[in-house]
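Down below is the structure, laid out as structure tokens.
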Amino acid sequence: MTPLYARRRRTVLAAATAVAAGALLTTGLATGTATAGSAPAGKPVLGGAPVLLSAAARTSLIQEQQATAAETADAIGLGAKEKLIVKDVVRDVDGTVHTRYERTYDGLPVLGGDLVVHEPAGGARTVTKAVKTAVGVASVTPKVTAGKAEAQALAAAEKAGAERTGAESAPRKVIWAAEGTPVLAYETVVGGLQEDGTPNELHVITDATTGEKLYEWQAVHTGSGRSLYSGTVTLGTYKSGSTYQLYDTSRGGHKTYNLARGTSGTGTLFTDADDTWGTGTASSSSSDQTAAVDAAYGAQVTWDFYKNTFGRNGIKNDGKAAYSRVHYGSNYVNAFWQDSCFCMTYGDGSGNTHPLTSLDVAGHEMSHGVTSNTAGLRYSGESGGLNEATSDIFGAGAEFYAANSSDAGDYLIGEKIDINGDGTPLRYMDKPSKDGASKDYWSSGLGSVDVHYSSGPANHFFYLLAEGSGSKTVNGVTYNSPTYDGSTVTGIGRAKALQIWYKALTTYFTSTTTYKAARTGTLNAASALYGASSTEYKAVDAAWKAVNVS
């Protein structure tokens, strides 16, 4: 679960600890064939751009790749005990197919075993792996009991400040290959609540031979109607009998529910008699529709942004929508994405009158779902910072895409929700350190920084790639972006920068991608889209050097 921002321990506006993951703050064509697809409408056709596949075409392509998975495993040199399971397939305009696989060893899931196989039409196959180490263990029989692993996981959750903890299921045996030599391990998922009331899904990895705790990460990612932030907007609704529902059947069936201050369950679907929703003003009422209008609007804009910009058909690229829940808890100052419910959840903020439902927050949270269903960037260390930055990048992209005069696009994150109480935004992409905690540049200790702050260099990279260094004004906001080496960077425009980051995320990043690997992935993406000698490729290289990644 990924919250929107980091929470400082025992304060409302705090940054979450390193184990509090994912919130906004810390703690195709309908032809049915596998080749059917098109580039996003109105976009220039780039050979390396993904095509928009229909749900049937995507399913067929996945089935084709799974049918030949054993042959692929042998061709790329995997061992006899290793098997590949197709997670997703992307087909480019030029015919290149990128197949993302999860891996098993002797029937056990391999964490860190994910890889992407790139097959150009008529070209040589290449592979991007999360880890290059050969997978293999001496035995799959544990020497440590599952009960000991569970007790260790519960203790880790309690140490992090979790409440009402309990294992969500029995620890499962896995091969832990994400760091160093692969080992037989247990993965335990601890439920309950985090310290600030955010749901808890803490994953703890325990060595099944020695009992040593190897790793832990948080899986909860935290952050016509009259909206609070976006003015009067048109909403997708559905009439059932004489009652209208906040149910968008044109975008995968997205629904918006009212938790009415609760912290569990789906809640109650919002309904209305006249299809005019909300008041456009904040209210402390737990039945207020205004927060629901913003959440529903954010979901539909984000859906359209991904579909029309990248040819992506929903968060999982399968044409099915997630759902949204508003009025979570009381005075809950956060928002989060949760894979387990495939949903976005929003608190009402301080005094229950500042809901965290602004457009860039909605785009941020749903983008955690996109990352989970593509690269699966692990929510810890440098990959966690890249995960957070990805949500900031696409959250900003969705806000620019909406072109809403009430909430114009900018390179500020959460500028509408007044999380700091003084009108300042949550994060700044042009110079991340302006928030007082985020890092402007990469350094060797970046992986130990909270992911909401280690996201800074990637956010800074994206701003420089899109807009360039120095002073400029965009949509009335003035920026002044520095560089690590004092260089001058010329931007290539936001549209191209978004295409490069999306392609890198979906075809070159893996669960363990570091900043150095992200540089390689985005250079590969720029080469595929625009050419290895292109201005765009050179700009990617320059922007990474400008944040000290080279």
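These figures come from a predicted structure and were not determined experimentally.
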Counting C-beta onward and ignoring hydrogens, is there a side-chain heavy-atom pair between S330 and N352 closer than 4.5 Å?
yes

Is the backbone of D92 close enough, under 3.5 Å, to the side chain of H98 for a donor and an acceptor to pair up by distance?
no

For Q338 and E201, test the side chains for any donor-to-acceptor distance below 3.5 angstrom and give the result as yes or no.
yes

For K320, look at atom NZ and say whether over 12 heavy atoms of other residues, nucleotides or ligands are found less than 6.0 Å away.
no

Is there a donor-acceptor contact under 3.5 Å linking the side chains of H364 and D392?
yes

How far does CG of D430 sit from CG of L464, to the nearest 0.5 angstrom?
9.0 Å

Within this structure, what is the CE-OH distance for the pair M344 and Y257, rounded to the nearest 0.5 Å?
11.5 Å

Are the side chain of S391 and the backbone of E388 linked by a donor-acceptor contact shorter than 3.5 Å?
no

Between H203 and T188, do the side chains contain an N or O donor and an N or O acceptor separated by less than 3.5 Å?
no

Can you see whether T522 engages W544 through a side-chain donor-acceptor pair at a distance of less than 3.5 angstrom?
yes

Does a side chain donor of either D294 or S358 reach within less than 3.5 Å of an acceptor in the other side chain?
no

Quick one: CG on D407 to OG on S230, what's the gap to the nearest 0.5 Å?
5.0 Å

side-chain contact (heavy atoms from CB on, under 4.5 Å) between T237 and D248, worked out:
CA-CA 5 Å; T237 60; D248 190 348; over 6 Å; no

Under the side-chain contact (heavy atoms from CB on, under 4.5 Å) rule, what do F461 and V549 come out as? Steps first, then yes or no, please.
CA-CA 9 Å; F461 159 82; V549 180; over 6 Å; no

Do the side-chain N and O atoms of N387 and T390 include a donor-acceptor pair separated by under 3.5 angstrom?
no

D114 and S511: side chain donor to acceptor below 3.5 Å:
yes

With a 4.5 Å cut-off on side-chain heavy atoms, are P109 and R172 touching?
yes

Under 3.5 Å donor-acceptor, D360 side chain and G414 backbone
yes

Where do S383 and L377 come nearest, in terms of heavy atoms and distance?
O-CB, 3.7 Å

Could you tell me which non-hydrogen atom of A362 sits nearest to which non-hydrogen atom of T302, and how far apart they are?
C-OG1, 4.2 Å

F509 six-ring centre to K503 NZ/CZ under 6.0 Å and within 45° of normal:
no

Residues passing the side chain to side chain contact (heavy atoms under 4.5 Å, CB included) test with S433, sequence neighbours excluded, are K431, D440

Distance-only polar pair, side chains of Y297 and N404, donor-acceptor under 3.5 Å:
yes

Between Y428 and Y411 (judged by ring centroids, cut-off 6.0 Å), do the two rings come close enough to count as a pair?
no

Ignoring hydrogens and geometry beyond distance, is a side-chain donor-acceptor pair present between S454 and Y515 at under 3.5 Å?
no

Taking all atoms of both residues into account, what is the closest heavy-atom pair of A178 and V131, and its distance?
O-CG1, 3.7 Å

Scanning both residues in full, the closest heavy-atom pair of T513 with L386 reads O-CD1, 3.4 Å

Check: W217 ring centroid to Y379 ring centroid under 6.0 Å:
no

Under the 3.5 angstrom rule, does the side chain of T514 hit a backbone N or O of A517 as a donor-acceptor pair?
yes

Looking only at heavy atoms, which two atoms of R325 and S264 are closest? And how far apart?
NH1-C, 4.3 Å

Could you go through the side-chain contact (heavy atoms from CB on, under 4.5 Å) check for L412 and M429 one step at a time?
CA-CA 6 Å; L412 309 174; M429 300 182 79; over 6 Å; no

Do Y453 and D450 come within less than 4.5 Å of each other through their side chains, counting heavy atoms only?
yes

Which heavy atom of R103 sits nearest a heavy atom of G113, and at what distance?
NE-O, 3.1 Å

Residue list, side chain to side chain contact (heavy atoms under 4.5 Å, CB included) with Q65, at least two apart or on another chain
T68, V86, V89, V97, T99, Y101, E119

Is any side-chain heavy atom of H254 less than 4.5 Å from a side-chain heavy atom of Q300?
no

Assert yes or no for the condition that the ring centre distance of F310 to F394 is strictly below 6.0 Å.
yes

Between F342 and Y323, is a ring-ring contact (aromatic ring centres under 6.0 Å, His included) present by the stated rule, with each step listed?
CA-CA 7 Å; F342 199 60; Y323 64 88; 8.4 Å; no

My understanding is that only residues two or more places apart in sequence, or in another chain, count here; which of them pass side chain to side chain contact (heavy atoms under 4.5 Å, CB included) with T506?
R312, T374, Y502

Interatomic spacing from CD in E415 to OG1 in T424 - rounded to 0.5 Å
11.0 Å

Derivation of the salt bridge (Lys or Arg N to Asp or Glu O under 4.0 Å) call for D304 and R251:
CA-CA 8 Å; D304 291 348; R251 295 177 178 86; 2.9 Å; yes

Does any donor atom in the side chain of W442 or E382 lie under 3.5 Å from an acceptor atom in the other side chain?
yes

Quick one: do V540 and L465 satisfy side-chain contact (heavy atoms from CB on, under 4.5 Å)? Show the steps, please.
CA-CA 6 Å; V540 170; L465 182 62; 3.9 Å; yes

Do H368 and D339 have side-chain heavy atoms sitting under 4.5 Å apart?
no

Are V293 and L235 side-chain neighbours, meaning at least one heavy-atom pair lies under 4.5 Å?
yes

So K129 and T512, do their side chains get closer than 4.5 Å, heavy atoms only?
no

Would you say the ring centers of F400 and F305 fall short of 6.0 Å from each other?
no

What class does the angle between the rings of Y463 and Y479 fall in, given that below 30° is parallel, 30 to 60° is tilted and above 60° is perpendicular?
tilted

Is S438 reaching over with its side chain to a backbone N or O of K434, donor-acceptor style, under 3.5 angstrom?
no

dist N334:CG -> I419:CD1 (nearest 0.5 Å) comes out at 7.0 Å

Whether R378 engages the ring of Y215 as a cation-pi pair (distance to the six-membered ring centre under 6.0 angstrom, angle to the ring normal within 45°) should be assessed.
yes

Is it true that D348 and R261 make a salt bridge, defined as a side-chain N closer than 4.0 Å to a carboxylate O?
yes

How about H460 and Y441: are their ring centres within less than 6.0 Å of each other?
yes

Working to the nearest 0.5 angstrom, can you tell me the gap between Y306 OH and L498 CG?
9.0 Å

Within the structure provided, determine whether Y229 and T357 are in side-chain contact (heavy-atom separation under 4.5 Å).
yes

